[in-house]
Structure formats: structure tokens, C-alpha cells
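Just so you know, ligand 1 is whichever comes first in the structure, and atom 1 is the first atom listed for that ligand. Any value given below was found using the heavy atoms of this structure, including those in side chains, with hydrogens, waters and symmetry copies removed. A quick note: this is a predicted structure, and the numbers were derived from the prediction, not measured.
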Amino acid sequence: MSEKTVRVRLAPSPSGYLHVGTARMAIANYLFARHNKGKFLIRIEDTDTARSDASLIEPILAAIKWLGLDWDEEIVYQSKRIDHYNQFAVKLLEGGHGYRCFCTPERLAEDREKARAAKGPMRYNRRCLGLSQDEIDKKLAAGEQFAIRLRIPEGATSFDDIVSGRLNRSNEEIEDFIVARSDGRATYNLAVVIDDHDMGITHVIRGNDHITNTFKQVHIYDALGFDLPVFGHLPMILRPDKKKVSKRLGDKDVGEYRKEGILPEAIFNYLCLLGWSPKTDREIYSVEELIEIFNPDNFNPSNAVFDQEKLIAFNKAHIMLKPDHDLAVELAPMLVEAGLTTKYWLETRWEYLRAVVGVLKGRVSRVSEFVDHGGYFFDFDYKYDPEAAAKQFTKEAGPLLTELADRFEQLEEFTHDSTEAVLSQVAAERELKKAKLIHPTRLAVSGMKVGPGLYDILAVLGKTRVVERLRKAVEYIEKQ
Ligand code: GLU
């Protein structure tokens, strides 16, 4: 790595939400910056007024924050820099790197039509490159509108790419592209080069769908006398149908994953490994570990398919790694939203929530499943699973549950071991298999036929709740 402090950027366009493709780019840039003790910057590319939607900027930034990607310095907004870009278009013209193009859109469309019919190259035919000063002056005097095109020299263009090595393209394939439109506004490619230069970007890491832009941008760097940054074009993330992820195809906002119970560290880990390899068999890493081991040589140059199932498996692994307290923080608003409890109730029962999380965490793949699997810890009006009730809440079960309730009530210490001892003792005295007691007890205290270990549930619920629930189940049985 060079001596210069690494400076990279994410440059989202607010024309859609932050989907996994952009999130993946954000993560690669973030890791690159943090691994190299450099800076990670954000630029909002909001000059395309037809496609940009300012109301998407906040959700994009919120998703970046949620992923844990803290950025450095002030965010740069392209829309605030338009006049600045426009000066450079004039500079290119005056410096002889650009020329005026008076061709109207209709004329250009006709040219393209002819080229298509003749199966010739579709690039601009340089009609205006040959205009004499006299002709130009006349057109200007007549008030004809013009765009500014960059003149691409003969030869070939190449640059080094972190992911794919050296990339070359014949200049025949790079047309004299427009750097300023007829209304004087700089085009996207010009704005990006000026920004990357002004922001001191050392490494431009973006999607490989920008390679064609990079070949053009290299000529702008040359014409303006700017040093080239290092480029890295990452492969795309594809949907399972092999199409590029996009909002248009219904791919979701990364922020949606939070609602679906996915942890940001799981998405971070999964997206990082989608196209980058730690070169070991291990897959589950914390963000800190990824920052430590990140190495840009290990990018995979081929496009990768986003696999939702795999993301869920990563999520399950990260749920196990996450401290119970932190999971409780994620879970609390979901419980409130599901109407199972209130913020105030939870505020004074933080220990309880943490204990619930500890008991259930091995059984869930999404944070939201704590709600699905553990509602009974909060909602005391749960219904008994009807099939299980028909099977377990028999006439014989009633007295057994009463006996358990009575004995549990006597316990001084209400723990996993003490409740297990009581249940075993009752089973032994009555010469019953323990299952005969375990199943109805589980149903009585949770309403469910399956779940975590029964004694764990009992210990978390505590004596008062357990006894109350057992007696309630007895009443239910007696009414049948
Ligand atoms: N705004 C571009 C995009 O969203 C990013 C271009 C770049 O990174 O240079 O694809």
C-alpha cells in the first residue's frame, strides 16, 4: 500500500433504496478503509433530477448506519456542486481537449439509425470535430446550442484494477463522449472525476458495471492533469434468476432486513464473503475480525448469486454470538410492536427479557422468531395448541399438574435443577414416565407442544407464573 492515507467513498444515487448490491459495495469500501486505517466517505450522486428522489437519501443513510458503517467527514452532495463542475467543462474546451458539438438529438438519432442499418460502429461520428473556427463562430452567432465532447486520442486505454488486473480497451471503442450538455450542465462522468479528485479519493472501488465509465473517466483525468486513483471493480450480486439486483425487480431495501429479524453483522459478514474470500474454510466472522483480515487481493472476479437461505444461516450463527443483552435491545421493540407487551413493562424487567433471549436463542434463525416462539413469556392469555391439548390435557393430567403446582410452590429456590428434581420425584412416586408430566406441563406453561428445555422455561418464568399457569390449566381440564 502506498504511503498516502487511503481514502475511499461510497457514491449512492438516490434513485432507489440501498439494496444488497450497493450495501456490498459499501462494505467492501468500508473494510478497505478501516483495514488500511484510512477514511470512508459518502457522496450522494443526486444530479440526475429525473431519476433522483431526495426522500430516498435518509433511508439510504439509515441503512448504511444500521449496517454499522460509520463514515468520516461531511457527506458530499453533488447537487450542491453543479456550478463547480460546469467550470471544468469549459476548461476542457478551452484547453483543447474538448470540442463543441452542435448536433441536435434528432441528428444524432438519425446517425445512429444509419450506423445500425450499415452495421457500423454506434459511437459518435465526429461530425463536429472537423468544424472550422469560421463555421463554429457562425453557429454560435446564430445561437445554435452545443454540447461539449471530450476528444479521445488514437490508441488504447488501460488501467490497473485491484480485482481484475490490467484492463485494456482500444480507443476505437470509446466515443468522444459528452462532458457538458447543451444547457451547460456537466455530465455524470465529469462530475465523478472532479469529485473523486477534490475528495482526495485514492481508491475507487465500485461495481464492474462501471468499467465502461472508468475507461471514459481515465481520459478526463488525463485531460485535467489529475493523478489517477487506483480502481477496483467488484463483481455484481445477482439474484437467483441471475439478473442484477435492482429495485425495479423488487429487491428490497437493506433496511427491510432489520424488520425481518436479520442482524446487521450477519448481512455484513454474508455480503463481505459474497465475492471476497478469507481463504480459509471458516465463514463466520465479526466485523472487527473482517477488518483485521481483509485483503483486497482476495476479491473474486466473478459475479456472485445472493442466496437468502445462506444469509439466514449466517444470521443464526450471529444470533448465537451476540450477547443476550444486545439481542434483547433488538427484540424489545418487536415485542411491543407485536402487542405482546409494552415498553414500560419491559423497562423494569430487563433481566427477564435477557433470560428469555438466553433460553430461546439456540432455536431461532431470525430475531423476529423470538416473538413467534416466545410470545408466552410475555402474553399471559396464550391459547393451548388444540392438537396437543386434546392429547395431553387428559383427565389424569389434571391431578398431576395440581400436584406439581403444590410442590413447586414449596420450593425455595426455583431453578432448572430444583424443578427437574420435583418433576422426577413426582414421576417416580407415581411410577410414571417423566414424559407423562413433561408434556402437559410444557403445554400448560407455554401453550405450545415444542420449545426449549422445559426446566429452562420454568426457571425463566419463575415460581409465581409457573404455579399460576399450572392451576389455570387444571381449571381448563376440569371444564372439558
Ligand atoms: N452512483 C453510482 C452508482 O450508484 C456510483 C458510481 C461510482 O461509484 O463511481 O452506481
Side-chain angles (χ1 to χ4, degrees), residues 6-33 38-54 56-61 63-64 67 69 71 73 75-82 85 88 159 161-164 167 177 179 185-221 224 226 228-238 243-249 251 253-254 271 275 296 299 303:
V6 160
R7 291 172 68 83
V8 295
R9 81 316 189 259
L10 178 75
S13 313
S15 54
Y17 291 110
L18 188 91
H19 56 56
V20 289
T22 316
R24 194 288 184 96
M25 232 44 85
I27 290 166
N29 275 287
Y30 179 80
L31 287 172
F32 193 83
K39 302 281 182 203
F40 170 64
L41 312 183
I42 295 203
R43 175 169 80 230
I44 302 291
E45 304 208 318
D46 54 352
T47 47
D48 183 346
T49 42
R51 292 177 60 224
S52 292
D53 175 353
L56 290 172
I57 297 176
E58 262 324 301
I60 288 175
L61 295 176
I64 295 173
L67 285 170
L69 312 176
W71 59 86
E73 303 182 7
I75 296 178
V76 173
Y77 291 87
Q78 284 195 326
S79 55
K80 296 192 183 146
R81 291 169 49 82
I82 290 174
Y85 305 138
F88 282 88
F159 63 88
D161 188 277
I162 303 177
V163 183
S164 309
L167 294 176
F177 60 96
V179 286
R185 280 171 72 103
T187 54
Y188 171 74
N189 278 313
L190 179 56
V192 166
V193 171
I194 295 164
D195 285 336
D196 285 336
H197 171 76
D198 290 353
M199 292 165 76
I201 299 302
T202 56
H203 297 75
V204 170
I205 299 171
R206 59 187 168 202
N208 64 12
D209 52 340
H210 283 283
I211 289 181
T212 294
N213 281 333
T214 303
F215 278 113
K216 293 179 177 172
Q217 291 174 14
V218 165
H219 288 280
I220 303 180
Y221 279 96
L224 292 174
F226 295 162
L228 272 191
V230 177
F231 291 100
H233 292 92
L234 304 191
M236 293 281 103
I237 293 187
L238 304 180
K243 293 197 175 116
K244 212 174 102 176
V245 283
S246 80
K247 186 188 170 198
R248 204 168 38 80
L249 290 172
D251 288 304
D253 171 10
V254 165
L271 290 180
F299 278 120
N303 292 342

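Atoms of ligand 1 found under 4.0 Å from any heavy atom of Tyr188 (numbered from 1 in listed order, with element): 1 (N), 2 (C), 5 (C), 6 (C), 7 (C), 9 (O). Within ligand 1, the atoms closer than 4.0 Å to a non-hydrogen atom of Arg9 are 7 (C), 8 (O), 9 (O), numbered from 1 in the order shown. In summary, the atoms of ligand 1 found under 4.0 Å from a heavy atom of His210, numbered by their order in the structure, are 2 (C), 3 (C), 5 (C), 6 (C), 10 (O).
Residues Asp198 and Arg81 approach most closely at OD2-NH2, 2.8 Å, considering heavy atoms.
For ligand 1, none of its N or O atoms has an N or O atom of Val204 under 3.5 Å away. Between Arg206 and ligand 1, an N or O atom pair is found at a separation short of 3.5 Å.
To the nearest 0.5 Å, atom NE2 of residue His197 and atom CD of residue Gln217 are 14.0 Å apart. The CD1 atom of Ile44 lies 8.0 Å from the CG atom of Leu10; values are rounded to the nearest 0.5 Å. The distance from atom CZ of Arg9 to atom CD1 of Ile75, rounded to the nearest 0.5 Å, is 14.5 Å. Of the inter-residue distances, the one linking Ile237 atom CD1 with Asn303 atom CG reads 9.5 Å to the nearest 0.5 angstrom.
A perpendicular orientation is assigned to the rings of Phe40 and Tyr30, their planes being inclined by more than 60° (bins at 30° and 60°).
Scanning the protein for heavy atoms near atom 5 (C) of ligand 1, the closest one is Ala11 O, 3.3 Å. In this structure, atom 1 (N) of ligand 1 lies nearest to the protein heavy atom Glu45 OE1, 2.6 Å. The protein heavy atom nearest to atom 4 (O) of ligand 1 is Ser13 OG, 3.3 Å.
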